[in-house]
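Atoms within a ligand are numbered from 1 in the order they appear, just like the ligands themselves. Every value quoted in this text rests on a predicted model; they were computed, and no experiment measured them.
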Amino acid sequence: MENITKVWLGPLPADSPYVQPHRMYYVQNGVEKNWDLLKVHDSVAIILYNTTRQKLVLVKQFRPAVYHGVITTELGTFDKADLKAFPPAIGVTLELCAGIVDKSKSWSEIAREEVLEECGYDVSVDRIEQVMVYRSGVGSSGAKQAMYYCEVTDADKANSGGGVEDEMIEVVELSLPEVKRMVQQGAVNNSPPSCLMGLMWFLANKAPAEATSA
Ligand SMILES: O=c1ccn([C@@H]2O[C@H](COP(=O)(O)OP(=O)(O)O[C@H]3O[C@H](CO)[C@@H](O)[C@H](O)[C@H]3O)[C@@H](O)[C@H]2O)c(=O)[nH]1
């Protein structure tokens, strides 16, 4: 699905619209300290449950940062990736539908748009319920993420999803036993903590009782 033919690293341009690095200084207990950090966009993530099929709707995509992380855990650093030793599939994740907050719209409206763009379901904002808000990357970015829950039916399906412009996103449906297995065994698909936490929240609060017994 990822169709990646070349990967290399370069320096971060100062005008990156996605990542701004800073060194923050502070005085604690009378001692001057500093912390190197990244300003990244806040984001939304949506736990999407199709009640017609009793399936959780997730997305699969190549994540450059995960691919970089997998290689550098092994090699320390690299300039040009060896695609034979490190096939791009190792950078593919299974996640909740999500998106960055990079426009002046309400967070739930941004969540609504992501559900439509990435997963193809057209729902109104009032059907999207806020679940929790937390900070991710507490050592590096401290970015805020708001998690939402939304139930959809087959009748809400407006397109096949997959993202906008050149995004390559695959929509994946998981049955309730598959979701349960996923949280029992952990992140075999490079799934981020927010995804596992969202699925656990679903199992604890929304899943039909028969799906969580046994
Ligand atoms: O360096 C970058 C970074 C982003 N993009 C684009 O920006 C958009 C970002 O995608 P979007 O779907 O809005 O957000 P996500 O990539 O899904 O990321 C959010 O959701 C993730 C899963 O919860 C969190 O890990 C992230 O921190 C959070 O930003 C996409 O079009 C990307 O192609 C770039 O082109 N270059």
Side-chain angles (χ1 to χ4, degrees), residues 1-4 6-22 37-49 56-70 72 81 88 91-121 123 128 130-150 159-172 174 179 182-183 186-187 189-202:
M1 67 165 281
E2 55 280 0
N3 195 23
I4 285 163
K6 196 174 166 188
V7 177
W8 68 103
L9 277 185
L12 180 70
D15 64 350
S16 164
Y18 300 105
V19 179
Q20 283 298 315
H22 298 282
L37 53 84
L38 301 170
K39 172 62 190 167
V40 302
H41 288 291
D42 293 332
S43 60
V44 297
I46 308 98
I47 307 161
L48 206 54
Y49 180 49
L56 268 289
V57 182
L58 285 88
V59 293
K60 214 170 178 180
Q61 64 200 296
F62 175 74
R63 285 292 198 178
V66 171
Y67 184 71
H68 177 268
V70 173
T72 54
V92 171
T93 63
L94 186 60
E95 303 173 35
L96 297 177
C97 168
I100 54 177
V101 176
D102 61 350
K103 21 186 151 20
S104 54
K105 292 184 176 173
S106 73
W107 286 47
S108 50
E109 175 59 27
I110 292 175
R112 194 195 78 77
E113 289 179 357
E114 291 295 339
V115 167
L116 179 60
E117 291 167 6
E118 292 192 348
C119 300
Y121 292 94
V123 296
I128 301 179
Q130 186 171 297
V131 169
M132 59 181 116
V133 174
Y134 44 87
R135 297 272 161 188
S136 59
V138 292
S140 54
S141 76
K144 179 175 167 180
Q145 185 167 74
M147 183 181 283
Y148 297 88
Y149 175 66
C150 180
N159 62 61
S160 56
V164 288
E165 291 163 21
D166 57 355
E167 284 183 327
M168 290 182 72
I169 293 173
E170 186 188 327
V171 181
V172 174
L174 293 186
V179 169
M182 189 170 155
V183 299
N189 295 303
N190 287 326
S191 296
S194 58
C195 175
L196 296 173
M197 184 171 66
L199 297 180
M200 286 178 182
W201 178 90
F202 172 80

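- In plain terms, the two heavy atoms of Lys60 and Val92 that are nearest each other are CG-CG1, 3.7 Å.
- Distances shorter than 4.0 angstrom occur between a heavy atom of Ser194 and an atom of ligand 1.
- Here the shortest heavy-atom pairing between Ala81 and Tyr67 reads CB-OH, 3.6 Å.
- Of all protein heavy atoms, the one lying nearest to atom 7 (O) of ligand 1 is Tyr18 CE2, 3.4 Å.
- Of the protein's non-hydrogen atoms, the one nearest atom 9 (C) of ligand 1 is Ile100 CD1, 3.9 Å.
- For Lys6, the NZ atom sits in a loose shell: 12 or fewer heavy atoms of surrounding residues, nucleotides or ligands are nearer than 6.0 Å.
- Met182 approaches Cys195 most closely through the heavy-atom pair CE-SG, 4.1 Å.
- Of all the heavy atoms in Ala45 and Leu96, the pair that sits closest is CB-CD1, 4.2 Å.
- Ligand 1 is never approached by Glu117 to a heavy-atom distance shorter than 4.0 Å.
- Considering both main-chain and side-chain atoms, Gln145 comes within under 3.5 Å of ligand 1 through a nitrogen or oxygen pair.
- Residue Glu114 places a heavy atom under 4.0 Å from ligand 1.
- Here the side chains of Val57 and Tyr121 are in contact, with some heavy-atom distance below 4.5 Å.
- Proximity of atom 16 (O) of ligand 1 to the protein is indicated by at least one non-hydrogen atom lying closer than 4.0 angstrom.
- Shown here are the side-chain contact (heavy atoms from CB on, under 4.5 Å) partners of Tyr134, two or more places apart in sequence or in another chain: Met132, Gln145, Met147, Ser194, Met197.
- At least one N or O atom of Arg63 sits closer than 3.5 Å to an N or O atom of ligand 1.
- Between Val131 and the options Trp201, Tyr148, Phe202, a side-chain contact (heavy atoms from CB on, under 4.5 Å) holds for only Trp201.
- For the residue pair Val123 and Cys150, the shortest heavy atom distance occurs at CG2-SG, 3.9 Å.
- Not one N or O of Asp42 is nearer than 3.5 Å to an N or O of ligand 1, by distance alone.
- Under a 4.0 Å criterion applied to the non-hydrogen atoms of Gly99, ligand 1 contributes the atoms 11 (P), 12 (O), 13 (O), 14 (O).
- What sits closest to atom 32 (C) of ligand 1 on the protein, heavy atoms only, is Glu167 OE2, 4.5 Å.
- In this structure, atom 23 (O) of ligand 1 has a protein heavy-atom contact shorter than 4.0 Å.
- Interface of Glu118 with ligand 1, defined as ligand atoms under 4.0 Å from a residue heavy atom, comprises 12 (O).
- Residue contacts with ligand 1: Glu165 is excluded, as none of its non-hydrogen atoms falls under 4.0 Å.
- Residue Ala98 has at least one N or O atom closer than 3.5 Å to an N or O atom of ligand 1.
- Here the closest non-hydrogen pair linking Val59 and Cys119 is CG1-SG, 3.7 Å.
- At a heavy-atom distance under 4.0 Å, only side-chain atoms of Ser43, from C-beta outward, approach ligand 1.
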